[in-house]
Chemist: 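Dumping the structure here so I can ask a few things about it.
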Protein chains: 2
Amino acid sequence: MAELNERKKQILAAVVEQFIKTGEPVGSKELIACTGLKVSSATVRNDMSELVALGYLEQPHTSAGRVPSQKGYRYYVDHLMKSREIDELNRRLIDAGISSAAGDPERLITRAGEVLADLTKCASISKAPGGDSMLIRKIELVPIGIHTAMLVLLTSNGILKSRLCRLDAPLTSKLCEEFYNIVQAAILGKPASEINVASMQTVAASVDGDSFAMLPLMAAVCELARSTAQSRILLGGSSNLLGHKEYGAQAAELLEFLNKSEPITEVMRGGARPIEIRIGRENLYRQLENSSVIVAKYSVSGDDTGTIGVIGPTRMDYERIIPSVRYLTDLVGRLITQALEE
Amino acid sequence: MAELNERKKQILAAVVEQFIKTGEPVGSKELIACTGLKVSSATVRNDMSELVALGYLEQPHTSAGRVPSQKGYRYYVDHLMKSREIDELNRRLIDAGISSAAGDPERLITRAGEVLADLTKCASISKAPGGDSMLIRKIELVPIGIHTAMLVLLTSNGILKSRLCRLDAPLTSKLCEEFYNIVQAAILGKPASEINVASMQTVAASVDGDSFAMLPLMAAVCELARSTAQSRILLGGSSNLLGHKEYGAQAAELLEFLNKSEPITEVMRGGARPIEIRIGRENLYRQLENSSVIVAKYSVSGDDTGTIGVIGPTRMDYERIIPSVRYLTDLVGRLITQALEE
DNA sequence: AATTAGCACTCGGTGTCGTTGAGTGCTAAT
DNA sequence: ATTAGCACTCAACGACACCGAGTGCTAATT
């Protein structure tokens, strides 16, 4: 790839930044005004013309200004963006926003998503710690009435799920005892993803006692484990996307898309890198061709586990958003780790 | 109010139904085609003209067909709508949709909202059982590590909330004991809405022992009680609204509005009636002037407590949606009551 | 060789104008 | 009370001209 000279870089950066700011194609005069470059508009035009030829800029039509192409955004993000550190204000907002939820991992993730969506005016996606390294740490059975009990499940990374369970047979202390035996023997310490109805049935059958009365309890445990294992992805601030005029009528389609869980799971699956930036078509989904995705992993006690990120128009404020996402994921990872340590 | 003769009623009903179906203003010929009325278009025109004068119909402009006015919708809903019973198909869809969640009140509500949104292609709003009759029934403190514990709170109407809590001081059995004493004395049986930081401080101070170590626990309990008391309103299927062309650019504003919690709380506050239908401006919010709200209460063990409903364009299919909402709330009320009974 | 001034050219956006056609309102006949 | 007939209205649509921001090119300048 032919390297760009200094001035071309400067022009490319300015076009990107100006376009992000105003949303309008930027012309040669405007560009001189906002950079203070000491050359004439004709020179800028020549350079821009070359940048178009190289694929970094695009022209909506002959007599319009220039707009960054996908390649242009990519080059900007990789080489031209100045600030790689979060600025004071955003850091404060993040800190203040999630401080109230510091104790509880799940609330922390939820809050993190909300804060991020607010901050970036984009949609946020966040996933609670999960994956195969998530083990079942504790299960509690609390009798409520003769036929009702509440079940609580806690995983190794601090996710807590609870639900009521209605029994057909009375909840005797003997039943409780048997329940705990089964839990102790076959569930605790196992990955949440391995608990399912089939495996439980064999276990329940092997224990003597009233396996019929045990059934609803086991079913409920499976249900809890399942819902924990496929830890739901939280979508926040999706209505923010409607505010971006470049989506127009596509907004409906995009929101539709984001509300389906399968593709979103795929979107969040990151590569090896700690932070992943996918611009426009770099996303594999047609529905995201005008969007950019920025997702970062956070780790709890050293394991890579959860993900937090944003989805917004390709014309998003990368310079501000990327450091924010990076900072937020780091912080969330630290806080959860801290909440869980002995 | 001057009563309408039979034919005028028939015409009004037909205009409403046709407009709901097509979204286009309906003209006199079209109306004859779709009703099979044995009169000429001129007669229909005369009648429609009077219906406009009486305020039941509106004319977007002189040479266009007629559109129901707010008053027209109201008259239709109150007097003309045929089916007041849910039809077989919708009933089945609802039954199938929420059966999987029957055991647990909170999941039931969530699911009910999802099902309703799917069914009606509108946004759904649903509120878990709540209000002043919601008492705190049980609080459990389960030690997890030396400095961490999980807290679980259960209310009289089956809402379960849990969170982790990190302590500054080690969690001794003495501390647990003191905690349960306080809970027993000052929390159990109280309405969730009455538990707050101020009231807890006086209680904690009056108990001897290490009130400093108790602080995080009490704070967490308050937090749980608070989040339970103002039981969050769930908004489902909001992206459905984008599919309705009549909203157009207003859709963004509407979604914005729906995502604020204060006004939504107000929207859901019903009167004395079991089901409330508010059409267009009958809603007190300007943002809902082109929308209708249908909300119904469900009762748990006889108390009026929760609410489920839909928000959609005034041009919604009342004939199908109203019975569905009514059926769903009844069902949810019965299922929760059943899940809670001894 | 790079830069610049000057200028003709392009083309989306906007406003005007006439045409079209669905649907009405009115009048006179039934 | 109903209906046939007819003139009228007005949004929607396409054609057309105009404007102006911004370009590309050429020739002059450094």
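In what follows, every chain begins at residue 1, and chains take the letters A, B, ... in the order their sequences are listed.
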Chemist: Using atom CD of A:Gln18 as one end and atom P of D:dA21 as the other, report the distance to the nearest whole Å.
Modeler: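 It works out to 17 Å between those atoms.
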Chemist: Return the value, rounded to whole Å, for the distance between atom CD1 of A:Ile32 and atom C1' of C:dT3.
Modeler: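 My rounded result for the distance is 12 Å.
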Chemist: Grab the CD-C1' distance between A:Glu30 and D:dG20 for me, whole Å please.
Modeler: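 The distance from CD of A:Glu30 to C1' of D:dG20 comes to 15 Å, rounded to the nearest Å.
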Chemist: Scan B:Thr62 against the nucleic acid and name what it touches under 4.0 Å (heavy atoms): base, sugar-phosphate only, or nothing.
Modeler: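 Here B:Thr62 touches the backbone only, sparing every base.
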Chemist: When all nucleic acid strands are considered with a 4.0 Å heavy-atom cut-off, which category describes A:Ser41: base, sugar-phosphate, or nothing?
Modeler: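 The answer is nothing, as A:Ser41 stays clear of every strand by at least 4.0 Å.
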Chemist: Please check if atom CD in A:Glu85 has more than 12 non-hydrogen atoms from other residues, nucleotides or ligands closer than 6.0 Å.
Modeler: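 No, because the 6.0 Å sphere around CD of A:Glu85 holds 12 heavy atoms or fewer from other groups.
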Chemist: Taking CZ from A:Arg66 and P from D:dG22, how many angstroms apart are they, rounded to a whole number?
Modeler: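 In whole Å, D:dG22 P lies 11 Å from A:Arg66 CZ.
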Chemist: To the nearest Å, give me how far apart CD (B:Glu50) and C1' (D:dA1) are.
Modeler: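 B:Glu50 atom CD is separated from D:dA1 atom C1' by 12 Å.
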Chemist: Strictly below 4.0 Å: does B:Arg7 bring a side-chain N or O up to OP1 or OP2 of D:dT2?
Modeler: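 Checking D:dT2 against B:Arg7, a side-chain N or O does come within under 4.0 Å of OP1 or OP2.
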Chemist: Within a 6.0 Å radius of atom CZ on B:Arg281, are there more than 12 heavy atoms belonging to other residues, nucleotides or ligands?
Modeler: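 It does not: B:Arg281 CZ has 12 such atoms or fewer within range.
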Chemist: With nearest nucleotide decided by heavy atoms, which residue, B:His61 or A:Met48, maps closer to the 5′ end of DNA chain D?
Modeler: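 So the residue in question is B:His61.
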Chemist: Please determine, for C:dT30, whether a Watson-Crick or G-U wobble partner exists with both distances under 3.5 Å, and give it or none.
Modeler: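 Result: D:dA1.
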Chemist: Applying side chain to side chain donor-acceptor pair (under 3.5 Å) between B:Asn290 and each of B:Glu246, B:Gln70, B:Gln250, report the one that passes.
Modeler: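 Single pass found, and it is B:Gln250.
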Chemist: Rounded to whole Å, please give me the gap between CG in A:Asp47 and P in D:dG24.
Modeler: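 For the pair A:Asp47 CG and D:dG24 P, the rounded distance is 12 Å.
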Chemist: Does the side chain of B:Gln59 get closer than 4.0 angstrom to OP1 or OP2 of C:dG25 through an N or O atom?
Modeler: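 Result: yes.
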Chemist: Between B:Ser63 and B:Thr43, who's closer to the 5' end of DNA chain D by nearest nucleotide?
Modeler: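 Whichever sits nearer the 5' end wins; that is B:Thr43.
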Chemist: Looking at CG of A:Leu242 and OH of A:Tyr247, how far apart are the two atoms once the value is rounded to the nearest 0.5 Å?
Modeler: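 Rounded to the nearest 0.5 Å, the CG-OH separation comes out at 10.5 Å.
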Chemist: Using atom CG of A:Asn5 as one end and atom P of C:dT3 as the other, report the distance to the nearest whole Å.
Modeler: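 In whole Å, C:dT3 P lies 9 Å from A:Asn5 CG.
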Chemist: For the pair B:Tyr73 and B:Tyr318, name the ring-plane relationship: parallel under 30°, tilted 30 to 60°, perpendicular over 60°.
Modeler: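 The rings of B:Tyr73 and B:Tyr318 sit tilted, inter-plane angle from 30° to 60°.
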Chemist: My understanding is that a pair needs two contacts under 3.5 Å, Watson-Crick or G-U wobble. By that rule, which nucleotide pairs with C:dT16?
Modeler: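 The base-pairing partner of C:dT16, which may sit in any strand shown, is D:dA15.
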Chemist: State whether A:Arg45 places a side-chain N or O below 4.0 Å from either non-bridging phosphate oxygen (OP1 or OP2) of C:dT4.
Modeler: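 For C:dT4, neither OP1 nor OP2 has a side-chain N or O of A:Arg45 closer than 4.0 Å.
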Chemist: A:Lys8 has an atom NZ; how far is it from atom C1' of C:dT3, in whole Å?
Modeler: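 The distance from NZ of A:Lys8 to C1' of C:dT3 comes to 13 Å, rounded to the nearest Å.
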